[in-house]
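Here the structure is laid out as structure tokens; the discussion comes afterwards.
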Amino acid sequence: MLRHRQAGLLLRDKRLRQGSHAWPDVVGLTGAFADFWKRSLISQEGDRHRALRRIAQTALSEDFILSLEPAFRQTAAEIAESLRDYPSFDVMQKFAEPYAGRAMTTLFDLPRHKAAEIAHDANTLGLAMGFGAKSHEPAINAACRNLEALAERLIERAKAGQDKTGYVARLLQAAGKHDGLDHQAFVDLIVISIFGGVDTTRAQLGFAIALFAQHSDQWDWLRNNPDHIPQAIAEVIRTHPTTTWATREALQTFQMDGLTIPKGAMIHVFVHATATDPEAGGGTGFDIRARRKVHFGFGGGAHHCLGQFVARTDMAAALAELLARWRSIEIVGQPEFLPETGNTSPSRLNIAPTWD
């Protein structure tokens with residue numbers, strides 16, 4: 001096991017490459033998801049990886065994402081208002097998951113009623129990221145096939161001119177400006193975008209609410225200083241990232257701080273350790289007012305998260321609407337969390353907010 005300080009440094013080490021293509025084999029997955037994962041952007045390298053990223057980055061331009069912010073805020077406001085009559089509720093089921101699904105329907109210019117289906121399938125894919133993935137294999141593969149079928153329909157819709165402004169239409173336009181994109185790669189890019197978009201937003205909103213419930217003074221401060229919402233989101237992700245590790249493969253045998261890393265070794269880089277280990281200058285506590293070093297909650301290097309600006313924007317919109325309505329947050333009962341062995345999140349988080 002690597003020491004925390006080494007884990008943080010490894011994300012930037014040029015003697016390593018992305019190793020996620022091997023992850024389905026590590027946990028024993030076969031079928032639709034394993035095939036998709038090995039084809040997808042996250043497992044590609046070199047020229048193909050760079051070409052796919054250029055296309056996606058063009059489609060996810062900052063001006064496009066910022067144009068969606070009013071819709072994100074309206075969605076958050078509507079879901080929040082629908083919960084006023086509940087004395088307590090599971091915020092994951094009642095707010096975080098439906099909001100994340102509807103944020104994706106906004107990004108993809110889809111009808112709102114598709115949100116629950118998209119969120120369910122994306123969350124099921126998240127089960128593939130832990131060591132218990134094999135026990136969920138039939139559900140994971142079914143969800144992957146559902147999202148691939150949705151991607152096919154979205155491509156046809158965009159080609160027919162029925163989507164002119166959504167993410168898929170923008171991907172088509174971007175592919176035309178660059179080197180093109182084969183059909184399967186296009187499908188896979190849409191699926192990974194849905195998976196990452198829903199899973200990250202849902203999980204990090206859950207962690208944000210759990211953290212603020214434990215630090216009521218910081219919730220009070222943020223209500224009076226909403227311009228610090230982006231900093232607060234960064235602190236949530238730094239303190240408790242949904243992605244607990246990033247996988248890397250050693251290109252050659254080398255030494256780091258006295259530790260021998262052999263060629264071909266698969267290394268799980270502990271993401272939370274990159275920003276919370278005191279030896280590396282990180283802070284262990286949650287403090288939205290503190291100045292922090294850059295963290296790796298969205299990865300690092302060539303494979304840093306493509307959708308991080310989407311996640312930061314839709315989470316900021318949701319948090320702004322909750323801050324405007326909740327004076328305080330109280331956790332009711334015992335929260336439940338997914339294992340810290342892959343993509344984690346609260347699985348059940350009952351809260352009783354005090355409303356304005």
Side-chain angles (χ1 to χ4, degrees), residues 59-86 89-116 118-119 122 163 165-167 170 193-194 196-213 218-237 242 288 297-298 305 307-329 345-346 349 351 353-356:
L60 293 172
S61 65
E62 185 172 323
D63 61 333
F64 170 57
I65 302 307
L66 289 177
S67 75
L68 305 178
E69 185 178 15
F72 291 151
R73 290 199 63 155
Q74 181 179 353
T75 293
E78 289 175 357
I79 297 174
E81 287 297 324
S82 73
L83 300 173
R84 276 192 181 270
D85 293 336
Y86 290 83
F89 52 87
D90 179 1
V91 74
M92 302 306 295
Q93 179 185 42
K94 295 294 188 181
F95 184 84
E97 184 169 327
Y99 175 76
R102 282 174 57 177
M104 285 300 100
T105 63
T106 298
L107 181 68
F108 284 89
D109 192 25
L110 280 169
R112 183 178 295 178
H113 71 265
K114 289 286 186 183
I118 290 171
D163 169 19
T165 61
Y167 176 48
R170 293 175 61 83
S193 298
I194 295 172
V198 171
D199 199 54
T200 300
T201 295
R202 178 190 61 84
Q204 294 294 176
L205 278 176
F207 281 132
I209 291 166
L211 284 164
F212 279 115
Q218 296 190 51
W219 183 259
D220 291 340
W221 185 84
L222 193 58
R223 275 170 57 87
N224 293 317
N225 297 275
D227 53 318
H228 285 265
I229 288 175
Q231 182 175 326
I233 288 170
E235 179 68 355
V236 168
I237 297 169
T242 179
I288 63 174
F298 286 108
C305 178
Q308 65 172 292
F309 190 66
V310 181
R312 294 180 192 275
T313 303
D314 66 15
M315 283 191 285
L319 194 54
E321 294 301 324
L322 296 181
L323 284 162
R325 289 166 173 78
W326 295 352
R327 292 197 301 275
S328 64
I329 307 166
S345 77
L349 182 62
I351 65 167
T354 302
W355 295 81
D356 272 340

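All figures in this text were calculated on a predicted structure; none of them were measured in a lab.
In this structure, the separation between CZ on Phe207 and CD1 on Ile237 is 11.5 Å, given to the nearest 0.5 Å. Remark: Arg312 CZ to Ile65 CD1 distance equals 13.5 Å, nearest 0.5 Å. Taking OH of Tyr86 as the start and NZ of Lys94 as the end, the distance is 3.5 Å to the nearest 0.5 Å. For the atom pair CG of Asp199 and CD of Gln204, the computed distance is 9.5 Å after rounding to the nearest 0.5 Å. The distance from the NZ atom of Lys114 to the OG1 atom of Thr105 is 11.0 Å, given to the nearest 0.5 Å. With rounding to the nearest 0.5 angstrom, the CD1 atom of Ile209 is 8.0 Å from the CE atom of Met92.
Of the possible donor and acceptor atoms, one in the side chain of Tyr99 sits under 3.5 Å from a partner among the backbone N and O of Asp314. Here the side chain of Arg223 pairs a donor or acceptor atom with the backbone of Leu323 at under 3.5 angstrom. With hydrogens and angles ignored, the 3.5 Å screen pairs a side-chain donor or acceptor of Gln218 with a backbone N or O of Ile288. When atom types are taken as modelled, the side chain of Trp326 and the backbone of Trp219 share no donor-acceptor pair closer than 3.5 angstrom. Asp163 contributes a side-chain N or O that, together with a main-chain N or O of Gly166, makes up a donor-acceptor pair within less than 3.5 Å.
Of all heavy-atom pairs spanning Met104 and Ser193, the tightest one is SD-O, 4.1 Å. Shown here for Pro346 and Gly206, the closest heavy-atom pair between the two residues is CG-C, 3.7 Å. Scanning all heavy atoms of the two residues, the minimum distance from Thr201 to Ala311 falls at OG1-CA, 4.3 Å. The two residues Gly101 and Ala115 make their nearest non-hydrogen contact at C-CB, 3.5 Å. For the residue pair Arg170 and Ala59, the shortest heavy atom distance occurs at NE-O, 2.7 Å. Listed here is the closest heavy atom pair of Ala103 and Phe72: O-CE2, 3.6 Å.
Between Leu83 and Trp355, the closest side-chain pair of non-hydrogen atoms falls below 4.5 Å. Taking 4.5 Å as the limit, some side-chain heavy atom of Ile79 sits within range of a side-chain heavy atom of Arg102. For the pair Ile118/Val198, a side-chain contact is recorded, criterion being any heavy-atom separation below 4.5 Å from C-beta on. The shortest side-chain heavy-atom distance between Leu60 and Phe309 does not fall under the 4.5 Å cut-off. Under the 4.5 Å side-chain criterion, counting only non-hydrogen atoms from C-beta, Leu205 is not in contact with Leu322.
Electrostatic pairing of Glu97 and Arg202 does not count as a salt bridge here, judged by no charged N lying under 4.0 Å from a carboxylate O.
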**Step-by-step salt bridge (charged side-chain N to carboxylate O under 4.0 Å, His left out) determination, Arg325 to Asp356** = CA-CA 5 Å; Arg325 289 166 173 78; Asp356 272 340; over 6 Å; no
**Request:** Given side chain to side chain contact (heavy atoms under 4.5 Å, CB included), test Leu319 with Val236 step by step and report yes or no.
**Result:** CA-CA 12 Å; Leu319 194 54; Val236 168; over 6 Å; no
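Neither side chain, Thr75 nor Arg112, offers a donor N or O lying under 3.5 Å from an acceptor on the other. Checking Gln74 against Glu78 by side-chain atom types alone, a donor-acceptor pair falls below 3.5 Å.
For Asp227, the CG atom sits in a packed shell: over 12 heavy atoms of surrounding residues, nucleotides or ligands are nearer than 6.0 Å.
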